[in-house]
Amino acid sequence: MKRKLRMGMVGGGNDAFIGAVHRIAAFMDGKIELVCGAFSIDPQISKQSGEDLFVAPERVYLNYEEMIEKESLLPEGERMDFVTIVTPNFLHFAPAKLAMEKGFDVVVEKPMTVSVEEAKELQETVERTGRTLCLTHTYSGYPMVKQAKAMVKEGHFGKIRKIVVEYPQGWLSRLTEREGNAGAAWRADPKRSGKSLVMGDIGTHVAHLAEYVSGLKIEELCADLTTFVEGRLLDDDGSVLLRFQNGAKGVLMASQISAGEENAVRIRIYGEKGGLEWANEDPNNLIIKMLDQPRQLYRTGNAYAAPYTLSSFATHNTRVPAGHPEGLLESFANIYRNFAATVTAKREGRTPTAEEQDFPTVYDGVRGMAFIDTVVKNNEGTEKWTKFVL
């Protein structure tokens, strides 16, 4: 199949920040083109967005149902190949399920749904239809995050004992949802966002990061959620103690009232022989700390000699020579590129490589929803530890 994959978009119009991020990421490698969309519930915004994005007027639709139905009736050589869903949380499930049932693959923003039940239904739909679903947990796309994962898997640090992840932001330190900020308004609305603001919006990112890098699954947790800003309907700060499957312990902090912080994602993992540290605000650096060695700094894009050679997963997702910053957009693009390569391989009847299949899937989405559900359940209940049940 020597052509670009054709993308349709649900949401992501001119009035939405994240839609532009998805399009930049999707187009970065020249493997994907936008052919249709239902860009907004406002017909005028959708129409104008389509014009600005050079989408044919007849393929700018009023809603996702119309888009998916009409695209499915087009000849195979014209219809979209997959749908990207960049709507508020409560509008993820229905278009994702319908798209897969009509034969389309899916890219969807996190969290995948607003309930564990919906997430499991999407998992069943993936397994029944054989479609590919990609969940955009962006931070897993960075080269040095992939290097960290490879080093843990290779046993570089010995048995893992401690995992610490954090995501402090400060943008919701005021009642921003009442100040005309549309992104804050839907995130702070339980009808549109789900059970938890802070854990749904950013806590799921670092929960996924902890499991992705360590290769370990969370088994039970103890949570403390707080709503600091008066008048807010959902929590804006949370701390969670974690227990992992091999006996490792963890700490997760997610906060949107950490005044002055931007997007300070950080992970630290400690094993018997040493540990690692990676931070989103300095993403080209992976710090390695061993018990009996000087501190080491691995940098994106370097051709280190053995035994310091970077993993194939890190090099596969490196785009520019060493010393040039690779940030959020490149990480996002890595997820899209790997998704596109996997979809193309399946269409050509070949097996994607392990590097091509290295992106978050529906199974990560189910775990993300179970994480939110378990955190809220523990916070509201009386038991100290709540088992992580799928």
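Everything numeric here is computed off the predicted structure, so don't read it as measured data. We're numbering straight along the sequence, starting at 1.
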Checking side-chain hydrogen bond (donor to acceptor under 3.5 Å, both in side chains) for the pair Ser312/Glu355: CA distance, chi angles, key distance, verdict?
-> CA-CA 8 Å; Ser312 64; Glu355 290 81 2; 2.7 Å; yes
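- Checked by atom type and distance alone, the side chain of Asp42 pairs as donor or acceptor with a backbone atom of Gln44 at under 3.5 Å.
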After noting the C-alpha distance and the side-chain angles of Thr136 and Val107, does the key distance pass the side chain to side chain contact (heavy atoms under 4.5 Å, CB included) rule?
CA-CA 7 Å; Thr136 52; Val107 175; 3.7 Å; yes
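- Contact check on Glu69 versus Lys102 returns a salt bridge, with a Lys/Arg side-chain nitrogen under 4.0 Å from an Asp/Glu carboxylate oxygen.
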**Evaluation steps, side chain to side chain contact (heavy atoms under 4.5 Å, CB included), between Val55 and Phe39** = CA-CA 11 Å; Val55 175; Phe39 299 107; 4.1 Å; yes
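- When atom types are taken as modelled, the side chain of Gln357 and the backbone of Pro352 share a donor-acceptor pair closer than 3.5 angstrom.
- Rounded to the nearest 0.5 angstrom, Met144 CE and Ile287 CD1 are separated by 12.5 Å.
- In the hydrophobic clustering of this structure, Leu234 does not group with Leu252; members are Ile, Leu, Val, Met, Phe, Trp, Tyr whose side-chain heavy atoms approach within less than 4.5 Å, directly or through other members.
- Ser40 approaches Asp15 most closely through the heavy-atom pair OG-OD2, 4.3 Å.
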If you apply the rule side chain to side chain contact (heavy atoms under 4.5 Å, CB included), what do you find for Phe332 with Ile24, and how did you get there? CA-CA 9 Å; Phe332 230 119; Ile24 292 168; over 6 Å; no
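- No more than 12 heavy-atom neighbours from other residues, nucleotides or ligands sit within 6.0 angstrom of CZ on Arg295.
- More than 12 heavy atoms of other residues, nucleotides or ligands lie within 6.0 Å of CD in Glu66, so this atom counts as buried by the packing criterion.
- The stretch residues 22-32 participates, sequence neighbours left out, in these side chain to side chain donor-acceptor pair (under 3.5 Å) pairs: His22-Glu109, His22-Tyr336, Asp29-Arg319.
- Here Glu71 does not pair with Arg79 in a salt bridge; the nearest charged N to carboxylate O distance is not below 4.0 Å.
- In this structure, a donor-acceptor pair under 3.5 Å is absent between the side chains of Asp237 and Thr226.
- Hydrophobic cluster membership differs between Ile68 and Leu91, with clusters built from Ile, Leu, Val, Met, Phe, Trp and Tyr side chains linked at under 4.5 angstrom.
- With no hydrogens or angles considered, no side-chain donor-acceptor pair links Arg266 and Asn280 at under 3.5 Å.
- Nearest heavy atoms, Ala99 versus Val106: CB-CG2, 3.9 Å.
- Glu179 meets the salt bridge (charged side-chain N to carboxylate O under 4.0 Å, His left out) test with Arg174; sequence neighbours excluded.
- In this structure, Glu326 contributes its side chain and Val320 its backbone to a donor-acceptor pair below 3.5 Å.
- A 6.0 Å sphere centred on CD1 of Ile41 holds no more than 12 heavy atoms belonging to other residues, nucleotides or ligands.
- The shortest heavy-atom contact between Asn334 and Gly141 is ND2-O, 2.8 Å.
- Looking at Gln48 and Asp52, their side chains do bring a donor and an acceptor atom within 3.5 Å of each other.
- The aromatic rings of Trp278 and Tyr142 lie tilted to each other, with the angle between the two planes from 30° to 60°.
- Atom NZ of Lys289 has more than 12 neighbouring heavy atoms from other residues, nucleotides or ligands inside a 6.0 Å radius.
- For Asn317 (side chain) and Pro143 (main-chain N/O), no donor-acceptor pair under 3.5 Å exists by modelled atom type.
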CA sep, side-chain torsions, deciding dist, call: Asp358, His316, side-chain hydrogen bond (donor to acceptor under 3.5 Å, both in side chains) = CA-CA 10 Å; Asp358 183 26; His316 173 75; over 6 Å; no
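- Side-chain atoms of Gln256 and Gln169 form a donor-acceptor pair, as typed in the model, at a separation below 3.5 Å.
- Salt bridge annotation for Asp81-Arg347: present, with a cationic side-chain nitrogen under 4.0 angstrom from a carboxylate oxygen.
- One side chain, Glu127 or Gln123, offers a donor N or O that lies under 3.5 Å from an acceptor on the other.
- Looking only at distances, no side-chain donor or acceptor of Asn181 sits under 3.5 Å from a matching main-chain atom of Thr176.
- Checking side-chain atoms of Thr113 against main-chain N and O of Ser115 turns up a donor-acceptor pair under 3.5 Å.
- In this structure, Ser239 contributes its side chain and Met253 its backbone to no donor-acceptor pair below 3.5 Å.
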Checklist line | side-chain hydrogen bond (donor to acceptor under 3.5 Å, both in side chains) assessment of Arg299 paired with Asn285 | finding: CA-CA 5 Å; Arg299 294 271 295 161; Asn285 290 341; 2.6 Å; yes
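- Cluster annotation: Ile18 is connected to Met7 through the hydrophobic network of ILVMFWY side chains, with a link wherever side-chain heavy atoms come within less than 4.5 Å.
- To the nearest 0.5 angstrom, Arg232 atom CZ is 12.5 Å from Asp189 atom CG.
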Salt bridge (charged side-chain N to carboxylate O under 4.0 Å, His left out) between Glu166 and Arg268: does it pass, once the steps are laid out? CA-CA 9 Å; Glu166 57 190 68; Arg268 287 168 286 166; 3.3 Å; yes
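- Looking at Lys346 and Thr132, their side chains do bring a donor and an acceptor atom within 3.5 Å of each other.
- Residues Phe359 and Leu133 come closest through the heavy atom pair CE1-O, 4.1 Å.
- Taking CE from Met80 and CE from Met9, the interatomic distance works out to 12.0 Å, rounded to the nearest 0.5 Å.
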**OP:** Tell me, with the steps shown, if Cys134 and Thr361 meet side chain to side chain contact (heavy atoms under 4.5 Å, CB included).
**Re:** CA-CA 5 Å; Cys134 171; Thr361 70; over 6 Å; no
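- The two residues Phe157 and Met151 have their closest heavy-atom pair at CE1-CB, 3.9 Å.
- Distance alone, capped at 3.5 Å, places no donor-acceptor pair between the Lys110 side chain and the His205 backbone.
- Of all the heavy atoms in Val265 and Leu209, the pair that sits closest is CG1-CD2, 3.9 Å.
- From Leu233, atom CG reaches atom CZ of Arg187 across 15.5 Å, with rounding to the nearest 0.5 Å.
- In terms of modelled atom types and a separation under 3.5 Å, the side chain of Asn378 and the main chain of Ala223 share a donor-acceptor contact.
- In this structure, CG on Asn14 lies 10.0 Å from CD on Glu51, to the nearest 0.5 angstrom.
- Annotation: ring pair (Phe, Tyr, Trp, His ring centres under 6.0 Å) contacts of Tyr167 (sequence neighbours excluded): Tyr139.
- When the shell of 6.0 Å around OH of Tyr308 is examined, it contains 12 or fewer heavy atoms from other residues, nucleotides or ligands.
- Between His324 and Asn284, the side chains place no donor N or O within less than 3.5 Å of an acceptor N or O (distance only, hydrogens not considered).
- At distances below 3.5 Å, not a single donor-acceptor pair connects side-chain atoms of Ser193 with backbone N or O atoms of Pro190.
- Taking a cutoff of 4.0 Å between a charged side-chain nitrogen and a carboxylate oxygen, Glu124 and Lys120 do not qualify as a salt bridge.
- Under 4.0 Å is where a charged nitrogen must lie from a carboxylate oxygen, and between Lys387 and Glu219 no such pair does.
- Lys70 forms no cation-pi arrangement with Tyr61, by the criterion of a distance under 6.0 Å to the ring centre and an angle within 45° of the ring axis.
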